[in-house]
Amino acid sequence: MLPFEEQVVADLLEDPNGGLVVVSCGLPVASLASAVLLQLFHQSPDDGCFLILSAPEPVKAQIWRRLLLNSQSQPPLLQLQVHDVAPDLPAHHRVALYASRAALFLSPRALVADLLTSRLLPSRVRALLLLSAHRSSDTSSDAFVARLLRHHHLLPVYAFSDRPHAMVSGFAKAERAMKSLYIRRLHLWPRFHLLAAADLERSPPEVIDVRVPMTQPMRGIQAAILDAMDACLKELRRTNKVDVEDLTVDKGLFKSFDEIVRRQLDPIWHTLGKKTKQLVADLRTLRKLLDYLVRYDAVTYLKYLDTLRVSEGVRSVWIFADSSHKIFDLSKRRVYQVVRADGTKVAADNKGTPTKKRKVARASSRKGKETENEGSSDNKDNTQKVNAEMGVVVEEILEEAPKWKVLRELLQEIAEEQAKGDGDNVNPVHEDGINESGIVLVACKDERSCVQLQECISKGSHQVMRAEWEKYLLGKAELHGLHRKNKKTSQQLKGFGVLDGEVPMRSGESAGPVSISKLEANALLAAASEISTVTKEANLADDSNVSCKKRSFGKGKGKGKFKKTMAKREASKLRNRNTTEHTDLEVEGQSGKTDEQAETDACKLSAEDDSASAPAVDKAANNLSAFGDSVDTEPLPPVQFYALDSDQHVLDVWKPSVIIVYHPDITFVREIEVYKAENPSMKLKVYFLFYEDSAEVQKFESSIRRENEAFESLIRQKSLMMIPVDQNGRCIGPTLANEPEALLSQNSLTRKAGGRKPLEKEMQVIVDMREFMSSLPNVLHQKGIRIIPVTLEVGDYVLSPLICVERKSIADLFQSFASGRLYNQIETMVRYYKIPVLLIEFSQDKSFSFQSASEIGDDVSPTNIISKLSLLVLHFPRLRIVWSRSLHATADIFLSLKTNQDEPDESKAMRVGVPSEDGVVENDVRAENYNTSAIEFLRRLPGVTDSNYRRIMEECNSLAELALLPVERLSELMGTQKGARMLKEFLDAKCPTML
């Protein structure tokens, strides 16, 4: 451990009540938690177990590994055992683990149930550790556990958080979290703390900041997106519904911006217009566009924009702004442009430099084949002339990401440095026993970027772009085919049209906006048709070639098949060319070979690609260890690709000597600092790849500034914080004991036993185990109600022998109506309880309304939630609906419903609706004495009503006996001759047949 970490642990253990530690993101929370556990365990090994709640999976794995490493160096009696208690573990197994001297990772739901049923006594718990304190509130499960443990036992609670910005979201968030967890002391350890800064800057790594200039289209797209965001923010300001200080482009770069806006708009969400709601969604979309611009390649970005055009084209506000046209136009120019066959532009002039041109012509001898021209404008005049009438063709640009080239240059430079430095000693070992393996770690944002960078290094960036482009074209063709199939349009004449590779355009025709769009779509379809034709020819050639057909590709069949098809496609193109040109893989000397030689070389190339492919990609990173068959002949070092989204700590596992931060992230930067501080003798070089003057730099700098501002706010809050304690020094949480007594009880008349309060009986509520995922049992316990957790077959809450409640949140209500589950739940409640209640619970910080009054129509609609509720009440007249504004309002409603009611019986509530071994349900009078299915069928017959069906049941023993009664007898039983005649005609009617 570093010295400042030891100081954090020492400060935390000073207070017997525990404390809350807030550190900068990326600093080692797992190291602090494991050190606290070990020190508490060694102080008194036989006191009890340690409970660890809300641990994220990466932090849990780190704590587990540190505790196991410590146990290996200790005698058996001083070893701290670690167990992960699954929520579905049987109760007797959990009780055995509670009795052990171990550290237990638990889910709050199972722990609350065990504490309420006394399977776990608070005296058997040594300490409680919470590893996501920023999620704690007075209604959270963590606070419920802390209250149950601290009720009769002085138990230390140690809470940790590495999200300082989350601790300042809302009013006095840190103070409220500390009160709910019964914690008195707050420990703040930002990155700029003197002790932390001294330890992390004692032996810093060598940092090289590489600024990569963006291309002209990328700069234009970024400026257009920022303009669109600014326009949306100005429109949002005009509504006067949101605090103006929060509406800045700088804050709009982060995901927390959506939470800020929604937190202010949720209480009045039902009163907002459609435009305001759409503006909030548009800001989220624009932030994604800005992030994806520097993360993904040009073709993927264009594909995402096409998806947005289809999905949000009608509703979106930003897509109709002036800057949005620039976004779509420049994104298209990064990939392709549409020109006439003679090379003149159809649309606006494109400033990008084309890397390859694809011309589609209608020629009988070269049907479905392409003519390619590598390079820039120097060799444009050497292209083949199209021997056809004037047409429109797609000119490929396929702009590569500027970072790809820089990454490859960096890897080559690192390989040269390692070759010079490791001439004498191949694997140098430092004083602290670290073996430098020479691994280069490349940190990317997500898994897709890792896979794409791996392919760029192994195959070449140009081939990766070609593969993405061909997938894009084939997707366009497939979508067009679906549209044609749905519309059932007549096909064009054979030998003419898009599928033959030509889009005719009369000379001198003026191409307006509509015609340009149509010509562009047709040209793309022609290019897609050509690629599909070449692929089919390659597959036919593959089937005819016996030697290639017998090759086995072993593992990774999908990837090998794709490479094989690519190689066959290249060979097919080579056989059909009359001029000499370079292929995507830069295969030299193949243009002069015969068809058989080209086919053989294509098979060899496909086999080499499979042998050079990297191992499979696991969840955290991609391993790329061999580059023998890569595009460039220069050797490259072994590379590990790491996805930052996986949140797995891999620095201690791989121990890289060079780290390339491809997508900068403040959390990963802090992890690198801690890793270097823990290994001061290791030589570590870190490269940061930034796009110059981009939103990527602005977001990285804003994240540092936002964290510093959060810590400054916490420091001010700490100086003004007031945490109430009792006479024993214990923290008093948010309980009803803090509230003053009612004025009536304070001024009680002396004739009423001297103002003595009468003894109140303890109220109790039976709660279904599944309901502990919500916060309502926690609030009920705060109100002084005894919670009995059982597994209920009918209902969620049993308030009395007569009242059963089915609780629905808003989202659950819509899902239950859609699936039909709510109908069955209400039906069973009506059958077994006298007063069935449907509780519809709204969120406290959201609007207390399904929809605005103007949206409620006069007619019954099967899609309207109000109409569904009306039909539900009509079908079940005894059902009572309770509307609750919040959790606390629900608790007050439960208290009022339980007034003058008997307490529920736990054993009876558990047996309700559960059939016995004989299949009989206890207390189900209808099921014991009547055939419920026959009764439901009888009540649905024509003429049978609620007023006469009981008399029919008394006179007829079965439905067969009812069918034999004459009309006169039926009229006596039913009380009306018209109803009897309707029923008799229905029963005697002949069933129509298909014969």
Side-chain angles (χ1 to χ4, degrees), residues 23-34 52 54-66 68 84 105 131-132 134-135 160-163 165-166 254-256 287-288 291-292 294-297 300 401 403 407 437 439-458 556 559 613-625 638-676 678 684 686-689 696 699-700 703 707:
V23 299
S24 294
C25 55
L27 294 187
V29 172
S31 176
L32 299 175
S34 57
I52 307 174
S54 305
E57 288 299 328
V59 179
K60 184 191 298 185
Q62 276 192 302
I63 295 176
W64 200 305
R65 186 172 68 250
R66 289 177 182 271
L68 290 181
D84 192 0
F105 291 98
L131 300 181
S132 297
H134 50 275
R135 299 177 183 171
F160 302 87
S161 174
D162 58 351
R163 298 288 184 269
H165 54 273
F254 299 96
K255 289 182 180 179
S256 59
R287 190 188 62 245
K288 286 183 180 179
D291 184 27
Y292 293 168
V294 295
R295 193 193 301 184
Y296 296 136
D297 60 271
T300 305
K403 278 190 180 182
L407 176 63
S437 58
I439 289 179
V440 178
L441 180 66
V442 180
C444 305
K445 181 66 176 175
D446 54 6
E447 192 71 27
R448 190 186 186 283
S449 301
C450 292
V451 175
Q452 193 172 55
L453 285 180
Q454 178 181 350
E455 292 179 350
C456 285
I457 297 174
S458 60
K559 188 182 291 187
S613 62
V617 179
D618 61 7
K619 206 169 187 178
N622 308 317
N623 182 15
L624 192 60
S625 58
V639 181
Q640 296 280 357
F641 287 92
Y642 167 57
L644 296 172
D645 286 350
S646 64
D647 287 333
Q648 297 192 10
H649 300 269
V650 296
L651 295 178
D652 293 330
V653 179
W654 286 332
K655 301 187 184 303
S657 57
V658 180
I659 300 175
I660 300 177
V661 185
Y662 191 83
H663 294 133
D665 181 72
I666 185 64
T667 303
F668 187 62
V669 171
R670 299 280 165 71
E671 292 177 9
I672 294 173
E673 287 185 316
V674 175
Y675 168 69
K676 183 61 176 70
E678 291 176 348
L684 181 63
V686 182
Y687 293 91
F688 284 95
L689 294 185
E696 185 180 40
K699 185 177 180 180
F700 182 75
S703 61
E707 184 184 87

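The basis for the numbers below is simple: all heavy atoms, side chains too, and nothing from hydrogens, waters or symmetry mates.
Checking side-chain atoms of Ser54 against main-chain N and O of Ser132 turns up no donor-acceptor pair under 3.5 Å.
Residues satisfying the side-chain hydrogen bond (donor to acceptor under 3.5 Å, both in side chains) criterion with Asp291, sequence neighbours excluded, are Arg295. For Ala401, the side chain to side chain contact (heavy atoms under 4.5 Å, CB included) criterion is met by Trp404, Tyr691, not counting sequence neighbours. Applying the ring pair (Phe, Tyr, Trp, His ring centres under 6.0 Å) test to Phe668 and every residue at least two apart in sequence or in another chain returns Tyr642. Partners of Ala30 according to the side chain to side chain contact (heavy atoms under 4.5 Å, CB included) rule, which considers only residues two or more places apart in sequence or in another chain, are Val59, Gln62, Ile63. A search for side chain to side chain contact (heavy atoms under 4.5 Å, CB included) contacts involving Arg448 returns Tyr296, Asp297, Thr300, Asp446, Gln452, Glu468, not counting sequence neighbours. Every residue was checked against the side-chain hydrogen bond (donor to acceptor under 3.5 Å, both in side chains) condition with Ser34, not counting sequence neighbours, and none meets it. Shown here are the side-chain hydrogen bond (donor to acceptor under 3.5 Å, both in side chains) partners of Lys676, two or more places apart in sequence or in another chain: there are none. Evaluation of the side chain to side chain contact (heavy atoms under 4.5 Å, CB included) rule for Ser24 yields Leu27, Pro190, Arg191, Arg670, Glu707, Phe711 as partners, not counting sequence neighbours.
In plain terms, the two heavy atoms of Arg163 and Cys25 that are nearest each other are NH1-CB, 4.1 Å.
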Give the C-alpha distance, both sets of side-chain angles, the deciding distance and a yes or no for side chain to side chain contact (heavy atoms under 4.5 Å, CB included) between Val661 and Phe700.
-> CA-CA 12 Å; Val661 185; Phe700 182 75; over 6 Å; no
Chi angles and distances behind the side chain to side chain contact (heavy atoms under 4.5 Å, CB included) call for Phe160, Asp162 | CA-CA 7 Å; Phe160 302 87; Asp162 58 351; over 6 Å; no
Decide yes or no on side chain to side chain contact (heavy atoms under 4.5 Å, CB included) for Val686 and Val669, but give the supporting numbers first.
-> CA-CA 10 Å; Val686 182; Val669 171; over 6 Å; no
Could you give me the CA-CA distance, side-chain angles and deciding distance for Ser646 and Glu447, then say whether side chain to side chain contact (heavy atoms under 4.5 Å, CB included) is met?
-> CA-CA 8 Å; Ser646 64; Glu447 192 71 27; 5.8 Å; no
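Residues Ile672 and Leu684 are in side-chain contact: their nearest non-hydrogen atoms beyond the backbone lie under 4.5 Å apart. In this structure, the side chains of Pro638 and Trp654 stay at 4.5 Å or more apart for every pair of heavy atoms. Contact annotation: the side chain of His663 approaches that of Glu696 to within less than 4.5 Å [non-hydrogen atoms, C-beta and beyond]. When side chains are defined from C-beta on, Gln648 does not count as touching Val653, because their heavy atoms never get closer than 4.5 Å. Taking 4.5 Å as the limit, some side-chain heavy atom of Pro656 sits within range of a side-chain heavy atom of Leu651.
Between atom CG of residue Leu441 and atom NZ of residue Lys655 there is a gap of 13.0 Å, rounded to the nearest 0.5 Å. To the nearest 0.5 Å, atoms SG (Cys444) and CD1 (Ile660) are separated by 9.5 Å.
Between Lys60 and Glu57 there is a salt bridge, since a side-chain N of the basic residue sits under 4.0 Å from a carboxylate O of the acidic one.
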